[in-house]
Participant: 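This is the structure I have questions about; it appears just below.
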Amino acid sequence: MVKVTLKDGTVREYPLRITLAQVAGEISPRLGKEALVASVNGRLVDLAYELTGDAAVQFFTFEDEEGRQAFRHSTAHVLAQAVQRLFPGTRLAIGPAITDGFYYDFDPPRPFSAEDLEKIEKEMQAIVRADFPFQRVELSREEALKKFAQAGETYKVELIKELGDEAVISCYTQGEFTDLCAGPHVPSTGRLKAIKLTSVAGAYWRGDERNKMLQRIYGTSFPKKSQLEEYLYRIEEAKRRDHRRLGAELDLFSIQEEGPGFPFFHPKGMIIRNELEQFWRQEHYRHGYQEIRTPIILSRSLWERSGHWDHYRENMYFTKIDDQDYAIKPMNCPGCILVYRSRLHSYRELPIRMAELGLVHRHELSGVLHGLLRVRCFTQDDAHIFMLPTQVKDEIIGVINLVDYFYKIFGFPYKVELSTKPENAMGSEEIWELATNALKDALHEKGMEYKINEGDGAFYGPKIDFHLEDCLGRTWQCGTIQLDFLMPEKFNLVYIGEDGQKHRPVMIHRVIFGSIERFIGILTEHFAGAFPLWLAPVQVKVLPITHRHLAYAQEVYGRLLKEGFRVELDERSEKVNYKIREAQLQKIPYMLVVGDREAAGGSVSVRHRQGGDLGSVALDRFIELAKREINNKALAPELAKEPKSGIEASAG
RNA sequence: GCCGGCGUAGCUCAACUGGCAGAGCGGCUGAUUUGUAAUCAGCAGGUUUGUGGGUUCAAGUCCCACCGUCGGCUCCA
């Protein structure tokens with residue numbers, strides 16, 4: 001007998017060599033049906049695993065991360081089986097589970113087409129119906145190498161060769177198909193009920209563009225068809241929030257063929273931009289920053305000195321003036337440094353925080369451009385902090401706090417990453433270690449969770465990155481804090497210390513929004529175009545019911561305009577329903593319907609884009625509440641908070 | 001930049017295997033005077049289909065190149 005300790009602490013006894021599938025069935029029929037994989041003493045295993053001693057056992061279903069991953073990974077194997085059936089000679093690379101599904105990289109005789117996907121999907125369904133069990137076999141390195149070399153699976157051979165000595169090499173077989181795999185897998189292909197292949201794309205072997213480009217097939221799978229349908233529906237819904245679509249529908253910005261990657265901001269987009277910038281300025285002055293502005297074109301000698309000429313040239317645009325070489329700035333730091341250097345500074349002045357809304361241009365590969373989220377010119381809400389070495393930690397923490405304060409205003413959840421020394425870096429190992437540790441210390445002091453991105457730092461220093469999500473859950477770097485000991489060296493920056501001698505300051509490069517353009521893109525998707533009142537391009541729209549009410553509507557409109565609202569008046573001879581529909585589609589926060597009743601009482605009938613008809617209220621009261629909502633930068637409407645009777649009671 | 005898809009009116013889309021380029025929305029004009037998500041009628045709108053070549057009696061449709069765009073890869077704010 002073996003003693004099995006379950007997740008809830010209960011201990012049960014079972015005969016020796018009982019399989020986990022049997023244990024699950026014993027615990028409950030439902031668990032027997034839904035369990036996909038399990039862990040034994042913390043190690044993930046298949047349900048076919050036989051217990052040979054006392055163990056702590058935990059079962060995982062599709063509801064658990066572990067179960068879901070095994071489910072998707074098993075589907076990837078079925079995909080590979082189908083592909084090898086239909087396209088003999090296709091070599092296999094890797095096929096992991098990802099957040100919402102899985103992919104598999106193939107090296108086929110010819111690229112896959114969209115029609116191929118349908119065929120493959122059909123074949124996968126046949127494999128699911130066949131209900132092949134996934135069978136695990138462990139084998140020695142030699143056996144594995146021989147097996148895959150014979151099969152011509154060169155990528156697998158490469159993978160096996162790289163496995164560590166201690167690694168257990170295992171294969172999984174379903175039907176006629178065998179793949180190298182650590183597992184675990186679900187019991188059989190029949191579990192994979194609902195499968196959808198979503199796209200084909202090129203992907204370099206091991207993600208390195210020097211390697212061969214493989215064909216990657218993406219897909220997803222669920223235990224139930226309804227779950228798959230729900231997922232596909234959710235994706236469609238998410239696409240409705242796409243900032244590129246909303247940007248056109250709400251007339252915020254456009255990108256034209258004449259300027260790929262160079263966005264045009266329309267009047268309504270400019271309002272959002274200007275509100276963001278105004279808020280940004282106010283907060284930066286409050287937090288001890290000064291603002292500067294530096295030129296967009298600067299001479300080659302500056303970029304040589306800063307290191308950009310050597311380390312960043314592929315991303316830069318160049319021009320000539322009077323036969324001299326100039327570059328269009330890809331970063332603001334060299335310009336800012338010139339401002340710092342324009343006079344001598346005392347240690348008493350430090351830290352000096354110089355902010356700049358700087359327009360930078362970077363050459364990005366054509367294939368990566370993406371609406372406002374990846375462009376070739378963008379405005380960084382940049383700042384460079386020059387400080388004493390002793391001030392480093394406090395300054396970093398100050399910036400972390402500022403980022404947090406900003407993102408909370410918008411209600412953005414964010415992820416933090418620490419990026420370390422890249423391949424083409426300037427400077428010594430020691431200096432990089434010093435800088436990286438300073439960033440780590442600050443993060444630890446703040447008790448923040450973060451992920452490390454090896455080799456992802458800027459060429460002049462390591463950085464802390466703040467990532468936000470778009471409508472499909474893809475993350476984009478927005479805020480960043482970069483610690484830099486090198487630029488001060490390159491530019492021979494100094495301050496005069498207490499001792500009257502020259503000393504070297506340390507520098508931080510940082511952005512909060514990151515790029516105003518990208519931030520607006522994220523903002524648009526986050527709010528699905530329904531911006532909070534303080535950002536909404538049009539805050540209020542006045543809708544007279546008939547021509548008869550035009551005079552009063554104009555009065556309301558004029559009053560709101562005078563009070564500083566961004567207000568529009570719909571004077572067209574259309575039905576109210578029509579006007580409302582249009583205002584709704586434009587996601588205008590407040591619609592004020594005015595007719596006989598309102599004209600008589602000096603009131604307005606308030607409709608909120610999300611809250612619907614809120615009843616009638618005195619114009620003065622509406623102004624008061626709307627102003628409060630704007631000043632608080634509220635995320636939820638101020639008026640809808642009041643009980644309806646309260647609004648009506650205050651009507652004039 | 002690489003792999004694959006796509007490109008027809010301002011927008012969304014149609015035009016069977018090559019055979020005279022269409023509809024809805026939007027716009028304009030007029031009628032209508034309307035109480036919380038689409039009132040009705042008329043008119044205009046394409047230098048003829050992203051651009052340039054080619055095949056063909058005939059090309060939106062087939063072929064090639066380029067541009068743009070979408071999804072990935074790589075790269076990054």
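We name chains A, B, ... by the order of the sequence lines, and we start the count at 1 in each one. Since we're looking at a predicted model, the values are computed, not measured.
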Participant: Taking the side chain from A:R72 and the backbone from A:S221, do they hold a donor-acceptor pair closer than 3.5 Å?
Facilitator: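 Yes; at least one donor-acceptor contact below 3.5 Å.
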Participant: Which letter, B, S or -, goes with each nucleotide of nucleotides 69-77 of chain B from 5' to 3', with contact meaning a protein heavy atom under 4.0 Å?
Facilitator: SSBBBBBBB
Participant: Distance check needed: B:G26 P versus A:E249 CD, whole Å only.
Facilitator: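 That distance rounds to 14 Å.
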Participant: How close or far is atom P of B:U33 from atom CZ of A:R572, stated in whole angstroms?
Facilitator: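 That distance rounds to 18 Å.
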Participant: Using the C1' atom on both, measure B:A15 against B:A23 and round to a whole Å.
Facilitator: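 These two C1' atoms come out 11 Å apart once rounded.
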Participant: Looking only at atom P, what distance separates B:C70 and B:A41, rounded to whole Å?
Facilitator: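 Comparing P positions in B:C70 and B:A41 gives a spacing of 38 Å.
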Participant: Could you tell me whether a side-chain N or O of A:R313 sits under 3.5 Å from a main-chain N or O of A:W309, the two making a donor and an acceptor?
Facilitator: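 Such a contact is found between A:R313 side chain and A:W309 backbone.
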Participant: Determine whether the aromatic ring centres of residues A:Y460 and A:H311 are separated by less than 6.0 angstrom.
Facilitator: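 No, the ring centres sit 6.0 Å or more apart.
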Participant: Distance check, P atoms only: B:A9 and B:C73, in whole angstrom units.
Facilitator: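 To the nearest whole Å, 31 Å.
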Participant: Locate the shortest heavy-atom distance separating A:P544 from A:K579; write the atom from each residue and the value.
Facilitator: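 So the minimum-distance heavy-atom pair works out to O-NZ, 2.8 Å.
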Participant: Expressed in angstrom and rounded to an integer, what is the separation of A:R597 atom CZ from B:U34 atom C1'?
Facilitator: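 To the nearest whole Å, that distance equals 13 Å.
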Participant: Report, one pair per line, the protein and nucleotides 37-43 of chain B atoms (nitrogen or oxygen only) whose separation is under 3.5 Å.
Facilitator:
from  : atom 1 : to     : atom 2 : distance (Å)
B:A37 : N7     : A:R607 : NH2    : 3.3
B:A37 : N6     : A:Q584 : NE2    : 3.1
B:A38 : N9     : A:R581 : NE     : 3.4
B:A38 : N7     : A:R581 : NE     : 3.1
B:A38 : N7     : A:R581 : NH1    : 2.9
B:A38 : N7     : A:R581 : NH2    : 3.2
B:A38 : N6     : A:R581 : NH2    : 2.3
B:A38 : N1     : A:R581 : NH2    : 3.2
B:U39 : O4     : A:E574 : OE1    : 3.2
B:U39 : O4     : A:E574 : OE2    : 3.4

Participant: Verify whether the ring centers belonging to A:H608 and A:Y590 lie closer than 6.0 Å.
Facilitator: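 Ring-ring flag for A:H608/A:Y590: true, centres closer than 6.0 Å.
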Participant: Classify the ring geometry of A:F412 against A:F410: parallel below 30°, tilted from 30° to 60°, perpendicular beyond 60°.
Facilitator: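 The rings of A:F412 and A:F410 lie parallel, inter-plane angle below 30°.
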Participant: Please state how far atom CG in A:D570 lies from atom C1' in B:U34, giving the value in whole angstrom units.
Facilitator: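 To the nearest whole Å, that distance equals 13 Å.
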Participant: Dot-bracket for RNA chain B, 5' to 3', with Watson-Crick and G-U pairs under 3.5 Å, [ ] for crossing pairs and | for other-strand pairs: what is it?
Facilitator: (((((((..((((.....[..)))).(((((.......)))))......(((((..]....))))))))))))....
Participant: When rounded to the nearest 0.5 angstrom, what is the spacing between CG in A:D382 and OG1 in A:T480?
Facilitator: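 Here the rounded value is 10.0 Å.
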Participant: Would you indicate what A:E598 reaches in the nucleic acid, counting non-hydrogen atoms under 4.0 angstrom: base, sugar-phosphate, or nothing?
Facilitator: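 Base, at least one base heavy atom under 4.0 Å.
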Participant: Do A:H467 and A:Y414 have ring centroids that are under 6.0 Å from one another?
Facilitator: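 No, ring centres 6.0 Å or more apart.
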Participant: Taking the C1' atom in each of B:U47 and B:U12, what is the distance between them to the nearest angstrom?
Facilitator: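 After rounding to an integer number of Å, I get 24 Å for this pair.
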Participant: Atom CG of A:L550 to atom C1' of B:G35: distance rounded to whole Å?
Facilitator: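 Distance check: A:L550 CG to B:G35 C1' gives 16 Å.
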Participant: Knowing that exactly one of A:K239, A:R240, A:R234 qualifies, which makes a side-chain hydrogen bond (donor to acceptor under 3.5 Å, both in side chains) with A:E237?
Facilitator: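 Looking at A:K239, A:R240, A:R234, the match for A:E237 under the side-chain hydrogen bond (donor to acceptor under 3.5 Å, both in side chains) is A:R240.
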Participant: Atom OH of A:Y103 and atom C1' of B:G4: how far apart are they, to the nearest Å?
Facilitator: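 Atom-to-atom, A:Y103 to B:G4, this comes out as 17 Å.
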Participant: Please name the pair of heavy atoms, one in A:T420 and one in A:W432, separated by the smallest distance, quoted to 0.1 Å.
Facilitator: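 Closest pair (atom of A:T420, atom of A:W432, distance): C-CZ3, 4.1 Å.
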Participant: Of the non-hydrogen atoms in A:Y552 and A:S603, which two are nearest, and what is the gap between them?
Facilitator: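 Looking at all heavy atoms of both residues, the closest pair is OH-O, 2.7 Å.
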Participant: With C1' as the reference atom in both, quote the distance from B:U32 to B:G42 in angstrom, rounded to an integer.
Facilitator: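 So the two C1' atoms sit 15 Å from each other.
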Participant: Between A:F87 and A:F112, is the gap from one ring center to the other below 6.0 Å?
Facilitator: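 Here the rings of A:F112 and A:F87 have centres that are less than 6.0 Å from each other.
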Participant: Tell me: CD of A:E257 to C1' of B:C6, nearest whole Å?
Facilitator: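 After rounding, the gap between these two atoms is 13 Å.
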Participant: Round to the nearest Å and state the distance from A:D116 atom CG to B:G5 atom P.
Facilitator: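 The answer, rounded to whole Å, is 10 Å.
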